[in-house]
Peer 1: 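Structure in C-alpha cells, see below.
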Amino acid sequence: MNTLGVPASPAGPPAQDSPGADAWSLTGVITRLRRVLRSSVRQDFPWESLPMAQVEVLQRLADEPGIGVRDLAARQRLATNTVSSLVQQMVTSGLVNRTPRPGDRRAVTLNLTPTGTEVLSAWQAANHRRLGQALQQLPRSEQQAIENAIPALAALAELLEFEDELQSRNPGQHDEKPS
C-alpha cells in the first residue's frame with residue numbers, strides 16, 4: 001500500500017522518498033477510477049451504442065461549440081485523420097453537425113445536434129448517479145476530502161495540458177508557466 005491506500009502496481013512505483021511516489025499513486029487511482037466508472041455506467045450505455053471516444057468528443061463539443069476538426073484533434077491529443085473518421089461516424093449517427101466555415105470551404109465547424117446534446121446529458125446523468133451513490137457510502141470526511149481536491153486536480157490537469165502544448169510547439173523548451 002502507498003500513501004493513498006492504493007495497492008502498488010505490478011511494475012512497482014518509484015521509491016516512496018522520491019518526488020514521483022505520490023504522482024505514481026495518483027495516476028493509479030485515476031486510472032482505476034476511470035475504468036470502474038466507465039464500466040459501471042455501461043449498464044445504461046452499452047459500448048456499441050456510445051464508445052468512450054465519442055463521449056469525449058461530445059464533452060469537448062459541449063465545452064467548445066464550433067471547434068474545427070484540427071483543433072479538436074489537438075485538444076484530444078489524437079491524429080487529425082482519427083478525429084475526422086470519428087466525427088464522420090458521429091455525423092452519420094446524428095450526434096454532431098459539420099458545417100462549412102464561412103470564408104474557408106475546406107474548414108468546418110462542429111456542433112452537437114439536439115440528439116448529441118441529449119445523449120451527452122444522459123451519459124452525464126448516469127455518471128452523476130453512479131458517483132453520487134458511491135460517494136454517499138463514504139464517510140463525510142472522505143467525501144469532503146474528495147470535494148476539496150477537485151480544484152487542485154483541475155489545476156494540475158490544466159498545467160499538464162499547458163506544458164504538453166508548449167512541448168509540442170517547442171520540443172526541448174518548456175520553461176514557461178501559465179499565469
Side-chain angles (χ1 to χ4, degrees), residues 1-14 16 18-65 67 69 71-80 82-83 85-87 89-90 93 95-96 110 112 116-165 167-168 178:
M1 291 277 177
N2 53 43
T3 58
L4 294 177
V6 178
S9 77
Q16 280 297 325
S18 74
D22 284 339
W24 183 268
S25 298
L26 178 61
T27 300
V29 167
I30 290 170
T31 300
R32 288 180 58 215
L33 183 59
R34 273 195 72 168
R35 185 177 301 125
V36 73
L37 184 58
R38 192 171 53 228
S39 174
S40 65
V41 170
R42 287 292 171 201
Q43 296 169 11
D44 293 339
F45 289 91
W47 284 107
E48 61 277 359
S49 68
L50 191 63
M52 198 62 214
Q54 289 187 14
V55 171
E56 291 174 357
V57 167
L58 292 174
Q59 290 171 327
R60 180 67 69 176
L61 292 178
D63 291 342
E64 298 183 57
I67 193 171
V69 172
D71 287 337
L72 177 60
R75 300 237 193 353
Q76 297 301 107
R77 289 164 178 59
L78 296 169
T80 304
T82 299
V83 170
S85 295
L86 187 58
V87 165
Q89 293 168 8
M90 296 173 78
S93 298
L95 302 173
V96 173
L110 304 171
L112 295 177
T117 300
E118 283 180 34
V119 168
L120 178 60
S121 292
W123 175 266
Q124 290 170 330
N127 271 287
H128 183 76
R129 275 191 308 275
R130 180 64 180 112
L131 274 173
Q133 290 166 354
L135 285 168
Q136 287 177 350
Q137 295 177 47
L138 293 174
R140 182 67 193 134
S141 62
E142 290 182 5
Q143 292 176 34
Q144 191 64 50
I146 292 168
E147 187 176 317
N148 291 342
I150 292 170
L153 291 170
L156 177 61
E158 187 175 320
L159 176 68
L160 290 170
E161 286 174 341
F162 178 79
E163 289 179 346
D164 195 37
E165 286 177 33
Q167 183 67 25
S168 66

Peer 1: Between Glu161 and Arg77, is the side-chain contact (heavy atoms from CB on, under 4.5 Å) condition met? List the steps.
Peer 2: CA-CA 10 Å; Glu161 286 174 341; Arg77 289 164 178 59; 3.6 Å; yes
Peer 1: Which pair of heavy atoms, one from Gln143 and one from Leu138, lies closest together, and at what distance?
Peer 2: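 The pair with the smallest heavy-atom distance is NE2-O, 2.8 Å.
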Peer 1: Kindly compute the distance separating CG (Leu61) from CD (Gln59), expressed to the nearest 0.5 Å.
Peer 2: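 With rounding to 0.5 Å, CG (Leu61) is 10.5 Å from CD (Gln59).
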Peer 1: Who pairs with Ser121 by side chain to side chain contact (heavy atoms under 4.5 Å, CB included), at least two apart in sequence or on another chain?
Peer 2: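 Ser121: side chain to side chain contact (heavy atoms under 4.5 Å, CB included) contacts with Thr117.
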Peer 1: Within the supplied structure, the quantity of interest is the number of heavy atoms (other residues, nucleotides, ligands) at a distance under 6.0 Å from Arg130 CZ; does it exceed 12?
Peer 2: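 12 or below, so no.
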Peer 1: Would you name the heavy atoms of Leu120 and Ala62 that are closest together and state the gap between them?
Peer 2: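 Leu120 and Ala62 have their closest heavy atoms at CD2-CB, 3.6 Å.
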Peer 1: Rounded to the nearest 0.5 Å, how far apart are CG of Leu33 and CD1 of Ile146?
Peer 2: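 These two atoms lie 8.5 Å from each other.
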Peer 1: Hey, does Trp123 have a side-chain heavy atom less than 4.5 Å from the side chain of Leu50?
Peer 2: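 SC-SC contact between Leu50 and Trp123 confirmed.
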Peer 1: Side chain to side chain donor-acceptor pair (under 3.5 Å) with Glu56: which residues, sequence neighbours excluded?
Peer 2: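 Checked Glu56 against side chain to side chain donor-acceptor pair (under 3.5 Å); matches are Arg34.
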Peer 1: Can you tell me how far NE2 of His128 sits from CG of Leu135, rounded to the nearest 0.5 angstrom?
Peer 2: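 Rounded to the nearest 0.5 Å, the CG-NE2 separation comes to 9.5 Å.
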Peer 1: Taking all non-hydrogen atoms of both residues, which atom of Val83 and which atom of Leu78 are closest, and how far apart?
Peer 2: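 Nearest pair, atom of Val83 first, then Leu78: CG2-CB, 3.8 Å.
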Peer 1: Would Asp22 and Leu26 satisfy side-chain contact (heavy atoms from CB on, under 4.5 Å), going step by step from the backbone distance to the final call?
Peer 2: CA-CA 6 Å; Asp22 284 339; Leu26 178 61; over 6 Å; no
Peer 1: How far does CG of Leu86 sit from CG of Leu72, to the nearest 0.5 angstrom?
Peer 2: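 Output value for this atom pair is 8.0 Å.
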Peer 1: Output all residues satisfying side chain to side chain donor-acceptor pair (under 3.5 Å) with Arg75, sequence neighbours left out; order by chain, then residue number.
Peer 2: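 Arg75 satisfies side chain to side chain donor-acceptor pair (under 3.5 Å) with Glu64 once adjacent residues are dropped.
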Peer 1: Tell me, please, which residues at least two apart from Thr27 pass side chain to side chain donor-acceptor pair (under 3.5 Å).
Peer 2: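 For Thr27 there are no side chain to side chain donor-acceptor pair (under 3.5 Å) partners, ignoring immediate neighbours.
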Peer 1: Could you tell me the separation between the CZ atom of Arg60 and the CG atom of Leu110, rounded to the nearest 0.5 Å?
Peer 2: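 So the gap between those two atoms works out to 12.5 Å.
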Peer 1: Indicate yes or no: at least one non-hydrogen side-chain atom of Val57 is less than 4.5 angstrom from one of Leu95.
Peer 2: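 When only atoms from C-beta onward are counted, Leu95 and Val57 do not touch, as no gap falls below 4.5 Å.
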Peer 1: Name all pairs fulfilling the salt bridge (charged side-chain N to carboxylate O under 4.0 Å, His left out) condition that reach into residues 140-155, sequence neighbours left out, sorted by first residue then second.
Peer 2: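 Output for this query is empty, none listed.
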Peer 1: Taking only residues two or more places apart in sequence, or in another chain, which ones meet Asn148 in a side chain to side chain donor-acceptor pair (under 3.5 Å)?
Peer 2: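 Gln144.
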